[in-house]
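This report concerns only the one structure given below.
Just so we're on the same page: letters track the sequence lines, and every chain starts at 1.
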There are 2 protein chains.
Amino acid sequence: MKGEAMLQLDNQLCFPLYAASRMVTKLYQPLLEKLGITYPQYLILLVLWENDELSVNEIGKKLMLETNTLTPLLKRMEVKGIVKRTRSKSDERRVIVKLADKGGALKQSALCIPLELLEGMTNQFPLERVGRLRDDLNALLKALSQ
Amino acid sequence: MKGEAMLQLDNQLCFPLYAASRMVTKLYQPLLEKLGITYPQYLILLVLWENDELSVNEIGKKLMLETNTLTPLLKRMEVKGIVKRTRSKSDERRVIVKLADKGGALKQSALCIPLELLEGMTNQFPLERVGRLRDDLNALLKALSQ
DNA sequence: CACGATTAAATCGTGTACGATGTATTGTAC
DNA sequence: GTACAATACATCGTACACGATTTAATCGTG
């Protein structure tokens, strides 16, 4: 492929990745709106539902986000009563994030979300392709993070 | 898969999509920094290099972005001397975006970017998988936009 | 031709992202 | 133990994204 052709939007990986990410986020939105949370806030809940308590850094590693993104995000979630933030006694630098009552309760309402989303997607896009896409993306992530 | 398991980060499509998109954007950054542009600005240049002049709306359709994102973005690019914005004579509602001198010149410097990026990527991630990923993402985009 | 509906941008407010920098705490080497 | 590096967050500034609303121009129908 010539350099010229490679600059075409269709031939690049970057654009479909960027557009698909935003588009899928929008798919989640009506479902998350019912829970009163945003998409990044949902991601934080996903990792907190799997782990009782995590430091800001540990959340950051799982979601590949820096503290400059997480700190204000977590503060907004604390104001909403979704998470609690406390300094670690053993290491005063660390801030421990736990689910607050509301955050734990949201899990029940969220259980249906992945399936609902898949259903909305597989109307036009076959399920096995979703699986392949996920695996390829995870492989890409792994490859790029070294 | 149980609802519980579907809430795991690894099993969802949304997270790898979100993380991979941000990670690939970061791959572009050192290359784009040399040109003095950001990643969304690069996308706008890609479509303007393919089309001499486009209205804000037409750019928006190609990149799936709204005017509330594009207007300030294009204004920043205008300040830098990369694009020109003029009201259409035939329809005063439309704003026509064209390349300014600097924007045209950037194309030469950008020709190497797609290849450089591919090379950085295919060290760990095979080329045919990049192609499959791109095709799957484009198919997903098409499926979701109807 | 008039006038309500539609369209194209722009504006506003909120919420991410993230590079760069600051600050407090802990680890470590001498 | 003390100074210095490393670590964990927080803060600041800039640039997207995008829902909601506004403004101005054009279209369509009677």
Side-chain angles (χ1 to χ4, degrees), chain A residues 14-15 17-30 32-33 36-45 53-61 63-80 82-83 85-97, chain B residues 14-15 17-30 32-33 36-45 53-61 63-80 82-83 85-97:
Chain A
C14 64
F15 174 67
L17 201 49
Y18 162 81
S21 173
R22 285 183 300 116
M23 191 162 271
V24 169
T25 300
K26 279 188 201 170
L27 281 187
Y28 276 89
Q29 220 165 276
L32 296 179
E33 204 163 354
I37 56 176
T38 66
Y39 180 74
Q41 291 171 13
Y42 172 66
L43 292 180
I44 291 185
L45 281 177
E53 57 176 70
L54 289 171
S55 72
V56 175
N57 240 332
E58 287 164 338
I59 295 175
K61 270 176 198 146
L63 301 184
M64 306 199 218
L65 289 169
E66 305 296 320
T67 66
N68 50 10
T69 300
L70 288 173
T71 296
L73 216 171
L74 290 167
K75 279 184 180 173
R76 283 188 287 270
M77 294 177 79
E78 190 175 34
V79 170
K80 293 195 219 177
I82 296 173
V83 301
R85 293 161 67 247
T86 49
R87 288 275 163 188
S88 162
K89 291 277 193 295
S90 61
D91 184 344
E92 293 269 344
R93 290 171 304 181
R94 289 160 50 86
V95 167
I96 304 299
V97 182
Chain B
C14 63
F15 174 67
L17 200 49
Y18 162 81
S21 172
R22 286 183 299 117
M23 192 162 270
V24 169
T25 300
K26 279 188 203 171
L27 281 187
Y28 276 89
Q29 220 164 276
L32 296 179
E33 205 164 353
I37 57 176
T38 66
Y39 180 74
Q41 290 171 14
Y42 172 66
L43 292 180
I44 290 186
L45 281 177
E53 58 176 70
L54 290 170
S55 71
V56 175
N57 241 332
E58 287 165 338
I59 295 176
K61 269 177 198 146
L63 301 183
M64 307 200 215
L65 289 169
E66 305 296 321
T67 65
N68 50 10
T69 299
L70 288 173
T71 296
L73 216 171
L74 290 167
K75 279 184 181 174
R76 282 188 288 270
M77 293 176 80
E78 188 176 37
V79 169
K80 293 196 221 177
I82 296 172
V83 301
R85 293 160 67 247
T86 48
R87 287 273 163 191
S88 162
K89 292 278 194 292
S90 61
D91 183 345
E92 292 269 345
R93 290 172 304 181
R94 290 159 50 87
V95 167
I96 304 299
V97 183

Gap between atoms CG and C1', on Leu32(A) and dG15(C) respectively (whole Å): 14 Å

Whole-Å distance between dT14(C) P and Lys75(A) NZ? 17 Å

What residues form a side chain to side chain donor-acceptor pair (under 3.5 Å) with Lys80(A), not counting sequence neighbours? Gln41(A)

Of Arg94(A), Lys89(A), Arg93(A), Arg87(A), the one forming a salt bridge (Lys or Arg N to Asp or Glu O under 4.0 Å) with Asp91(A) is Arg93(A)

Would you mind reading off the distance between Leu63(B) atom CG and dA17(D) atom P, rounded to a whole angstrom? 10 Å

Apply side chain to side chain donor-acceptor pair (under 3.5 Å) to Ser88(A) and list each qualifying residue two or more places apart in sequence or on a separate chain. Ser90(A)

Determine: side-chain N/O of Arg76(A) to OP1/OP2 of dT16(C), distance under 4.0 Å, yes or no. yes

Quick one: is dA8(C) close enough that its OP1 or OP2 comes under 4.0 Å of any side-chain N or O from Ser55(B)? no

Need the pair for dC9(D). Rule: Watson-Crick or G-U wobble, both distances under 3.5 Å, any strand; none if unpaired. dG22(C)

Can you see if the side chain of Lys61(A) gets near the phosphate of dA8(D) - specifically, an N or O under 4.0 Å from OP1 or OP2? no

Atom pair distance, as rounded to whole Å: CG in Leu73(A) and C1' in dA10(D): 14 Å

Over how many whole Å does the gap from Leu27(B) atom CG to dA17(C) atom C1' extend? 16 Å

What's the separation between atom OH in Tyr39(B) and atom OG1 in Thr25(B), rounded to the nearest 0.5 Å? 5.0 Å

Could you pull out the protein-nucleic contacts involving nucleotides 18-22 of chain D (nitrogen or oxygen on both sides, under 3.5 Å)?
unit_1	atom_1	unit_2	atom_2	d
dC18(D)	OP2	Arg22(A)	NH1	2.9
dG19(D)	N7	Asn68(B)	ND2	2.7
dG19(D)	O6	Asn68(B)	ND2	2.6
dA20(D)	N6	Asn68(B)	ND2	3.3

Would you say Thr38(A) reaches dT14(C)'s phosphate, i.e. side-chain N/O to OP1/OP2 under 4.0 Å? no

Of all heavy-atom pairs linking Leu17(B) and Ala20(A), the shortest is CD2-O, 3.8 Å

Which residues share a side chain to side chain donor-acceptor pair (under 3.5 Å) with Arg76(A), sequence neighbours left out: none

Please set out all donor-acceptor pairs under 3.5 angstrom arising from side-chain atoms of residues 63-70 of chain B, sequence neighbours excluded.
none

Between Tyr18(B) and Ser21(A), the two heavy atoms sitting closest are CA-OG, 3.6 Å

Any side-chain N or O of Arg85(A) less than 4.0 Å from the OP1 or OP2 oxygen of dA10(D)? yes

Side-chain contact check for Pro40(A): nearest option of dA10(C), dA9(C), dA17(C) is dA17(C)

Are any of Tyr18(B)'s side-chain N or O atoms less than 4.0 Å away from OP1 or OP2 of dA17(C)? yes

Given atom CG of Leu54(B) and atom P of dA8(C), what is their separation to the nearest angstrom? 14 Å

Between C1' of dA6(D) and CG of Asn57(A), the distance in whole Å: 13 Å

Could you tell me the separation between the CG atom of Leu74(B) and the P atom of dA17(D), rounded to a whole number of Å? 13 Å

Which atoms of nucleotides 26-28 of chain D (N or O only) lie under 3.5 Å from a protein N or O atom, and what are those distances?
unit_1	atom_1	unit_2	atom_2	d
dT26(D)	OP1	Glu92(B)	N	3.0

Atom pair CG (Leu74(B)) and CD1 (Ile44(B)), whose distance is rounded to the nearest 0.5 Å: 4.5 Å

For residues Lys75(A) and Arg85(A), determine if any side-chain heavy atom of one lies less than 4.5 Å from a side-chain heavy atom of the other. yes

